[in-house]
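Step one of this worksheet: look at the structure below.
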Amino acid sequence: MKHIFLNLCLACLLAACGTKAVDYAPIRPGEIWPDDQGAHINAHGGGVLYHDGKYYWYGEHKSDSTSNALVGIMCYSSDNLTDWKNEGAVLPVVENDTTSDIAKGCIMERPKVIYNEKTKKFVMWFHLELRGQGYRAARSAVAVSDSPTGPFAYLRSMRPDKGELPFNMTEEERATLDTLNAAHYAKWWTPTWRKAIEQGLFLKRDLEGGQMARDMQLFVDDDGKAYHIFSSEDNLTLHIAELSDDYLSHTGKYIRIAPGGHNEAPAIFKKDGTYWMITSGCTGWDPNEARMFSAPSIWGPWKQWPNPCVGPKSEITFGGQSTYVLALPGGKGFIFMADVWRPKHPSDARYIWLPIEFSEDGTPVIRWKDEWTMNHFE
Ligand code: DGJ
């Protein structure tokens, strides 16, 4: 009875304020998440684009027995972030040409899509590994579309920033780089090898052919400039690279972050002028402790913070690995998104979505919740 009375009071209060209570469906991190056809959403390592009042979730299609791409990049659309319509493979693999960059059986990971206000195009970047080459190629690939639901036209792949050194490298650092000789560091993980990695041993190795690019993220700043953030230098060092005005190539301006720090899975957002980045360590498909960095400018300096996760299994990112942070429209808040990988049954991988809270001093906190709703942001 007391319950009914309280609900009535709440309804009256909301009516008086002119707002209608919305019944949001629950979000249950780690559970099966059915789409409009009742099938578990198949969009892993993904990200969400908000465009013209709709959300578009792009991700890797995973099959039941392999993580290699047999279908391509998927898209789902939604008005409310909980009910998702399957829009199909918006960048399908190429079926009958094994020489194609995106031949069936290649690896297409961590796709992200951004909208270019100037060209009115939707631009997708993803991590590409060529068919039959394991993770050796370490390339970035780009595709473009006139519509958020595709089809995306595949443009090309590359290793970014060929021939370029980080723009913020000092004369002294460049001089040290000149002295590095790969032949002196055949053995990995020694203290002298680690020092040489920090100084740019692998950066120098890959200068001619372009820098390695695996786990990746895109970020569009308030001024419309876009950045590509990726694990480079054999996953040892993150790079933040500026994209051209049409978002289709790199300008050659970039920085290195946490040299030798072994960061993967970068997810970036901006709040009150501060850039925040959540990453993982490198343990294959196994979860590890999340890391967090912040900077006053995209170009740094980037400072490391403790693990932002709180709650059961917080020391292994609740069993997941970061993939994206969605900034909700209207500055309502941020959602942290992660993947719980299932390498033995890849299509059964799960999604962890959790609201980001901010402590009194403005530091992000990601607290585990078995279940929550979008009311959290009202
Ligand atoms: C961890 C990465 O974050 C994933 O995207 C994937 O590349 C796996 N490693 C492969 O082991």
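Order of listing sets the numbers, starting from 1, for every ligand and every atom in it.
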Residue of the set D83, N42, D36 for which side chain to side chain contact (heavy atoms under 4.5 Å, CB included) holds with Y76: N42

Rounded distance (nearest 0.5 Å) linking atom OG of S231 with atom CD of Q217: 11.0 Å

Sequence-distant partners of F318, ring pair (Phe, Tyr, Trp, His ring centres under 6.0 Å), two or more places apart: W368

K120/D146 ion pair, N-O < 4.0 Å: no

Amino acids in close contact with ligand 1, where any non-hydrogen atom sits under 4.0 angstrom away: E109, R110, Y135, D215, E264, G284, W285, Q321

Results of salt bridge (charged side-chain N to carboxylate O under 4.0 Å, His left out) for E31 - residues two or more places apart only: none

Side-chain hydrophobic cluster, 4.5 Å single linkage: members besides W302: F167, F219, Y227, I229, L238, I240, I255, I257, I268, Y275, M277, F293, I298, W299

